Participant: 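Sharing a structure, written as structure tokens. Questions coming.
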2 protein chains.
Amino acid sequence: MAVAELSPSYTKTTIHSSSSQLSSLLSTHLSNRRRLSPRSLSRTQNGRVFCSVVSNQVQAPVAVQSEEAKKKPECYGVFCLTYDLKAEDETKSWKKLINIAVSGAAGMISNHLLFKLASGEVFGPNQPIALKLLGSERSFQALEGVAMELEDSLFPLLREVIISIDPYDVFQDVDWALLIGAKPRGPGMERAGLLDLNGKIFADQLIMLILFHASALICLKNAPNIPAKNFHALTRLDENRAKCQLALAAGVFYDKVSNVTIWGNHSTTQVPDFLNARINGLPVKEVINDVKWLEKEFTEKVQKRGGVLIQKWGRSSAASTAVSIVDAIRSLVTPTPEGDWFSSGVYTNGNPYGIAEDLVFSMPCRSKGDGDYELVKDVIFDDYLLNRIRKSEAELLAEKRCVAHLTGEGIAVCDLPEDTMLPGEM
Amino acid sequence: MAVAELSPSYTKTTIHSSSSQLSSLLSTHLSNRRRLSPRSLSRTQNGRVFCSVVSNQVQAPVAVQSEEAKKKPECYGVFCLTYDLKAEDETKSWKKLINIAVSGAAGMISNHLLFKLASGEVFGPNQPIALKLLGSERSFQALEGVAMELEDSLFPLLREVIISIDPYDVFQDVDWALLIGAKPRGPGMERAGLLDLNGKIFADQLIMLILFHASALICLKNAPNIPAKNFHALTRLDENRAKCQLALAAGVFYDKVSNVTIWGNHSTTQVPDFLNARINGLPVKEVINDVKWLEKEFTEKVQKRGGVLIQKWGRSSAASTAVSIVDAIRSLVTPTPEGDWFSSGVYTNGNPYGIAEDLVFSMPCRSKGDGDYELVKDVIFDDYLLNRIRKSEAELLAEKRCVAHLTGEGIAVCDLPEDTMLPGEM
């Protein structure tokens, strides 16, 4: 077990500089290399999107008046033009424009996701949208290319596009923030672009989807004006993969599989729940009579799917990840079908399952389609399921201690027992 | 001017072998390197998708009984399962399944296009589809990766997926064939996978969209059971780019630009027509009073857009190309809005514009949404437009002579005066 306290150099370079330059992009490193194994270190350094390095519980945010902070966001090309939305309101039933911020916008997942958002596939055919795209200095040219391709696609619903490397430009007053992080990485590629944000720039009603659970917890803690319920860590790709594997095993089409929960962390400790899942409305165990397969192979297949895809495809799955993000958004803006639910990594404040409080943990949710959700109450547990959930809970508690300095809870103690990063996310 | 006759080695290796092994994948090379410049050669070798090297006008197709030809198509994973479509017919208003073949299916354009087809974005929310994906031996693992990501996406409308490297598996009895060709190429990447097909395997009502004009002409000539009107060479990305540039110049949103034609070839001789185009219903020249910009800069901007994107993005535009293919399909399956039209490279049989017959040439079309189209009659010409159209016509006539051996019109004479390949398509 490795225990790491923050080194003085970390405290100096990151916390101090960020309190005086809130708008700058900072890379947050745990620099105590002595006690952490290379993989654990690389994970903590590279595997997370950090919302803020400033704990708002202990330090009041400082107003920024630097030139950089005042720089106008860069609207792009044809999207800089004013368009007569009011006149159109009278002739068409456009809804009010929604603003969507996307980080990692020049990466492969975003390259699929942005075109889905712009086409109306996510929010529907009468919903104009504005895209606010965050890239890094290194990826800025590629980000311009993305904006050019969005121009050339003539999406009628896409009314504004801004591109920037300044999170303050991008995250101001948006309705949705999709923190996609950096590019998925193939062999030899580096994970780039940790993102620091101060919570105060976010709009109160913002809904934020974030790839990683610890990152979601950090964001949640650093943006106290946003309800904790509005933060989601993504486990939908895992849920979709679990549904597909259950369908394959049962010999049915995947639309017959329902009520699949991914419990816990988006990592190898994730728990695809076959106890509560249903196939053609029946408990899975009544359809697939192979407990050994369910307990061992099924779970492994779901967890290892990403790794198999990297081998086949030479890089992480981008298209299906984007589809799962679309699914996650849709699950919050359309009513959940009667009797079904979806998985999302959400805040465990008052959860009915006995899971430790104050975590971001994937659990079964239902939504009325208003952006909000409620936890599903009628789920059952057995020893196998509970033991597996406890393991993922222990991991998330350890991750939480590991980022304590970023959530305003004091000194980080990093005692993650082993590397449970999913293949393709190291 | 370079004149190239077919070398004996070409005749021997390709025409002879293909008449005895119709189902094999052959790469067709013009091997007379002596007389062709390196770029012209590379274009003829690599820039085209060949439908057949057998002229059906001079040789009857030979029935194939080899093991390879009888090999069952590989359905993929969950898509091998039978699903109860009949039962669903009773409860839902599913339409009859349509079969869509896609070549170059492991490439970047297809990686966007396939997920759009599967999501219902192209053919609508009640239209189940089957995807038949053609890859190369080299790309087969990536193709498996694509099929896995399609599985994981749980698209309710996607009912069958087969993957194969044998065009006979893929193109049998499909409703649509989308010949996307090989991967778009970044610096240092090769164009792979010329495709040979014998026309006889195609269903009579097939509609085929093909990236290049000469390839479309070859396909058309080698599949005499399919109406010539069913072949389309794609110029929709050029049209979309032209609309965007006109919108930018006029300071209006792109949805205000209509009636844009791309005339001629999908090459640097393409003619984006600003004479007939309209902005807010007015002739472009009444809105943009800068003839010099229209004649010079506008045309160049459209033609060079792909090259600029490659510089920004490090590779060809895939997302917006896929969007334009979706637009092209939709234009044939939904009625064209009153007073507007779209561009497509279609057969010039009896065209009202005086363009040489027996070419595939991009012209303005309207559709009732039944898959068919009619050419638009109320277009005007001036000397500038006519001269530019003549130049693209001359190029397509030269390209036609260059592939005469593939269209059953005797010996190829390759006298293409210069390389007019668009940036990103060499």
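Just so we're on the same page: letters track the sequence lines, and every chain starts at 1. Model, not experiment: these values are computed from the prediction.
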Participant: By a 4.5 Å heavy-atom criterion (distance strictly below it), what part of B:V146 contacts chain A: side chain, backbone, both, or neither?
Facilitator: side chain

Participant: With a 4.5 angstrom heavy-atom cut-off, could you sort out which part of B:S153 is near chain A: side chain, backbone, both or neither?
Facilitator: both

Participant: Atom NZ of residue position B:K301 - does it have more than 12 heavy atoms of other residues, nucleotides or ligands inside 6.0 Å?
Facilitator: no

Participant: Pick whichever of B:K243, B:Q245, B:R241, B:R236 has the most heavy-atom pairs under 4.5 Å with chain A.
Facilitator: B:R241

Participant: Could you look at B:F155 and say if it's the side chain, the backbone, both or neither that has a heavy atom under 4.5 Å from chain A?
Facilitator: both

Participant: Do A:W313 and B:N111 come close enough that some side-chain heavy atom pair is under 4.5 Å?
Facilitator: yes

Participant: Could you tell me which non-hydrogen atom of A:Q311 sits nearest to which non-hydrogen atom of B:Q141, and how far apart they are?
Facilitator: O-OE1, 3.8 Å

Participant: Test side chain to side chain contact (heavy atoms under 4.5 Å, CB included) on B:L158 and A:Y254; report intermediate values, then the result.
Facilitator: CA-CA 10 Å; B:L158 182 60; A:Y254 41 55; 4.0 Å; yes

Participant: For the pair B:D255 and A:R159, find out whether any cationic side-chain nitrogen is under 4.0 Å from an anionic carboxylate oxygen.
Facilitator: yes

Participant: I'd like to know if A:E151 and B:R305 make a salt bridge, using a cut-off of under 4.0 Å between side-chain N and carboxylate O.
Facilitator: yes

Participant: For the candidates B:V257, B:L248, B:L154, which exhibits the highest count of non-hydrogen atom pairs separated by less than 4.5 Å from chain A?
Facilitator: B:L154

Participant: Measuring heavy-atom distances to chain A, does B:E121 have an atom under 4.5 Å in its side chain, in its backbone, in both, or in neither?
Facilitator: side chain

Participant: Going from SG on B:C244 to CE on A:M148, what distance comes out if it is rounded to the nearest 0.5 angstrom?
Facilitator: 9.0 Å

Participant: Work out which heavy atom in B:G145 is nearest to a heavy atom in A:L309; give both atom names and the distance.
Facilitator: O-CD2, 3.3 Å

Participant: Taking all atoms of both residues into account, what is the closest heavy-atom pair of B:E149 and A:A319, and its distance?
Facilitator: OE1-N, 3.4 Å

Participant: Chain A heavy atoms under 4.5 Å from B:L246: which part of the residue, side chain, backbone, both or neither?
Facilitator: neither

Participant: Once you measure the plane-to-plane angle for A:H112 and B:F115, does it fall in the parallel (<30°), tilted (30-60°) or perpendicular (>60°) bin?
Facilitator: perpendicular

